[in-house]
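Side chains are part of it too, since the values below use all heavy atoms of this structure and drop only hydrogens, waters and symmetry mates. Reminder, nothing fancy here: chain letters follow the sequence lines and each chain counts from 1.
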Amino acid sequence: DVKVTQSSRYLVKRTGEKVFLECVQDMDHENMFWYRQDPGLGLRLIYFSYDVKMKEKGDIPEGYSVSREKKERFSLILESASTNQTSMYLCASSTPTSRKNIQYFGAGTRLSVL
Amino acid sequence: LAKTTQPISMDSYEGQEVNITCSHNNIATNDYITWYQQFPSQGPRFIIQGYKTKVKNEVASLFIPADRKSSTLSLPRVSLSDTAVYYCLPRDSGTYKYIFGTGTRLKVLA
């Protein structure tokens with residue numbers, strides 16, 4: 001079974017703090033994704049990575065950066081957290097098979113920025 | 001850019017068949033369309049995927065017409081445990097980015 005583990009289920013941070021959200025997958029997947037999920041807006045892609053040290057912007061990258069130093073780990077960084085970044089953050093991974101791509105998700109991190 | 005449109009919510013009774021249709025334009029020509037299910041406080045999980053016509057597995061069926069501008073997820077004889085949000089996920093033909101919609105919140109009533 002594929003396992004995608006997000007380091008925290010709940011986080012509370014203060015405005016202006018630097019925040020790291022960590023994600024680890026154990027299936028040797030090349031692709032990894034970060035989404036945020038807000039009521040009424042569904043899932044929106046922040047960044048994705050298709051290989052170590054590679055990254056691509058998603059639909060809402062502003063205010064975020066990512067790091068992928070090892071294949072199994074993909075980190076989302078909020079350089080200076082703001083209240084509008086309060087959200088549920090979901091990490092996913094998938095194989096590079098493009099036609100039948102299936103994404104496997106972690107349980108999510110609920111971040112509150114005060 | 002591809003856009004997905006699904007009904008925001010649906011109610012059904014236990015034992016009924018539920019069909020959820022997702023409209024999607026400008027999707028990648030050769031990619032499969034995938035559907036996910038999400039329970040509260042969990043990440044989405046894969047249900048089924050297909051390319052054209054009809055596919056079926058142990059939990060659902062999926063019908064995709066020849067023009068691939070929509071797909072319909074069919075859940076036979078739903079139970080209370082099928083209460084969840086359902087998302088279709090095609091890929092945009094231009095950017096090749098995956099496009100999640102807002103999902104359909106299905107509520108199954110006893």
Audit row: A:Asp38, A:Arg44, salt bridge (charged side-chain N to carboxylate O under 4.0 Å, His left out) steps and yes/no: CA-CA 9 Å; A:Asp38 301 288; A:Arg44 294 179 292 167; 2.8 Å; yes
Proximity of B:Tyr51 and B:Tyr32 rings by center, below 6.0 Å: yes
Ionic contact status for B:Glu17 with B:Arg77, cut-off 4.0 Å: no
Chain A interface, residue from B:Gln42, B:Arg45, B:Gln38, B:Arg105 that has the most non-hydrogen pairs under 4.5 Å: B:Gln38
Proximity breakdown for B:Ile8 and chain A, heavy-atom pairs closer than 4.5 Å: neither
Short side-chain donor-acceptor distance under 3.5 Å, A:Thr109 and A:Ser8: no
Side-chain donor-acceptor contact under 3.5 Å, B:Tyr98 with B:Arg91: yes
Quick one: what part of [X] sits under 4.5 Å from any heavy atom of chain B, side chain, backbone, both or neither?
| X | value |
| --- | --- |
| A:Gln37 | side chain |
| A:Arg9 | side chain |
| A:Leu43 | both |

Interface residue of largest heavy-atom contact number with chain B, from A:Tyr35, A:Phe48, A:Phe105, A:Phe33, under 4.5 Å: A:Phe105
